[in-house]
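Below is one structure, written out as structure tokens; comments come after it.
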Amino acid sequence: MSESKLGIWLVGARGGVATTATVGLCALAKGLAGGAGLVTHLPRFEGLSLPSWGSFVVGGHEIRGVRLLDEAQRLANDNRAIAPEVVDRIRDDLDEIDRRIRPGTLFGCGETISELADADIPRKETPRQSIERLKSDLLEFAETEGLDHVTVVNVASTEPRVDATEIPATWSKLKPLLEKSEGCPLRASSLYAIAAFELGFSHINFTPSLGSATPALDELAN
């Protein structure tokens, strides 16, 4: 097993998908869950030097003020999606991860998502100001935890659709639009992707939002 220390930065870190994944990772790291259903446990992966479950460090961005432990307990007690006894045994781990979660951005999220956000989430930033704040959080995470690499994973709520024809096809034409609150066609998911790419980090768009799915951001990533 590789001993690299790897960061997983979840966008929507206290949502249902993120919480389920976080609980699963903590349970695997503590030996509280087996490997059934895990692709990396198939025989064809036996010869690979993959990171151990304990090599991963979780942090994230969130717009709501709920506690990660409370969300995990809700999923266990109300939805029966997680075993309550597992949540009880990783309480300290969830609290530690909770301390690494930072306020996200609401740019272009739409009214429905914005209404879920806490009052202290910045609402008057330009896209560029949001990106720089997100980058600062990511850098602090990487440096404080001594990480070899960080992967940003968007598991936040699905955003309003975007007209792809409104987005410039090149990074050089898109970049100036980030300086203005008006006229930038992107959504919050793309700002997280830009923050990751500008730092040389990886980005995965799990939620069917715009994210990095534009030619301009492909250019930036490369």
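Computed from a prediction, not measured in an experiment: that's the story for all the values here.
- Among all heavy-atom pairs drawn from His61 and Ile101, the shortest one is C-CG2, 4.3 Å.
- Lys5 places a side-chain N or O within 3.5 Å of a backbone atom of Glu145 that can act as its donor or acceptor partner.
- Taking the side chain as every heavy atom from C-beta outward, Thr151 and Trp9 never approach each other to under 4.5 Å.
- Side-chain atoms of Arg64 do not come within 3.5 Å of backbone N or O of Leu116 as any donor-acceptor pair.
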Contacts table for residues 85-94: side-chain donor-acceptor under 3.5 angstrom, sequence neighbours left out:
from	atom 1	to	atom 2	distance (Å)
Asp93	OD1	Lys30	NZ	2.9

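- Smallest separation of non-hydrogen atoms from His203 and Phe197: CB-CE2, 3.7 Å.
- At a threshold of 4.5 Å between non-hydrogen side-chain atoms, the residues Ser4 and His149 do not count as touching.
- The minimum heavy-atom distance linking Phe56 with Pro51 is given by the pair CZ-CB, 4.0 Å.
- Here the side chains of Ile194 and Leu178 are in contact, with some heavy-atom distance below 4.5 Å.
- You'll find the side chain of Asn154 stays beyond 4.5 Å of the side chain of Tyr192, heavy atoms only.
- Note: Asp137 CG to Arg100 CZ = 13.5 Å, rounded to the nearest 0.5 Å.
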Between Ser52 and Ser55, does a side chain to side chain donor-acceptor pair (under 3.5 Å) hold up when you go through it step by step? CA-CA 5 Å; Ser52 64; Ser55 299; 3.0 Å; yes
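- Residues Leu69 and Gln73 have side chains in contact (heavy-atom distance under 4.5 Å, counting atoms from C-beta outward).
- Here the side chain of Asp98 pairs a donor or acceptor atom with the backbone of Leu68 at under 3.5 angstrom.
- No side-chain N or O of Ser189 forms a donor-acceptor pair with one of Ser209 less than 3.5 Å apart.
- Within the 3.5 Å criterion, the main-chain N or O of Glu159 finds no donor-acceptor partner in the side chain of Arg187.
- When atom types are taken as modelled, the side chain of Thr20 and the backbone of Gly16 share a donor-acceptor pair closer than 3.5 angstrom.
- A pairwise comparison of heavy atoms in Gly104 and Pro122 identifies O-CD, 4.3 Å as the closest pair.
- Here Leu138 contributes atom CG and Ile131 contributes atom CD1; the two are 11.5 Å apart, rounded to the nearest 0.5 Å.
- Taking CZ of Arg133 as the reference point, atom CZ of Arg102 lies at 11.5 Å (rounded to 0.5 Å).
- In this structure, the side chains of Thr207 and Val11 stay at 4.5 Å or more apart for every pair of heavy atoms.
- Between Leu186 and Leu174, the closest side-chain pair of non-hydrogen atoms falls below 4.5 Å.
- Looking at Leu10 and Glu62, their side chains never come closer than 4.5 Å, going by heavy atoms from C-beta outward.
- Other members of the hydrophobic cluster containing Leu106, listed by chain and number, are Ile63, Ile113, Ile121; membership follows side-chain contacts under 4.5 Å among ILVMFWY residues, whether direct or relayed.
- Checking side-chain atoms of Asp118 against main-chain N and O of Gly65 turns up a donor-acceptor pair under 3.5 Å.
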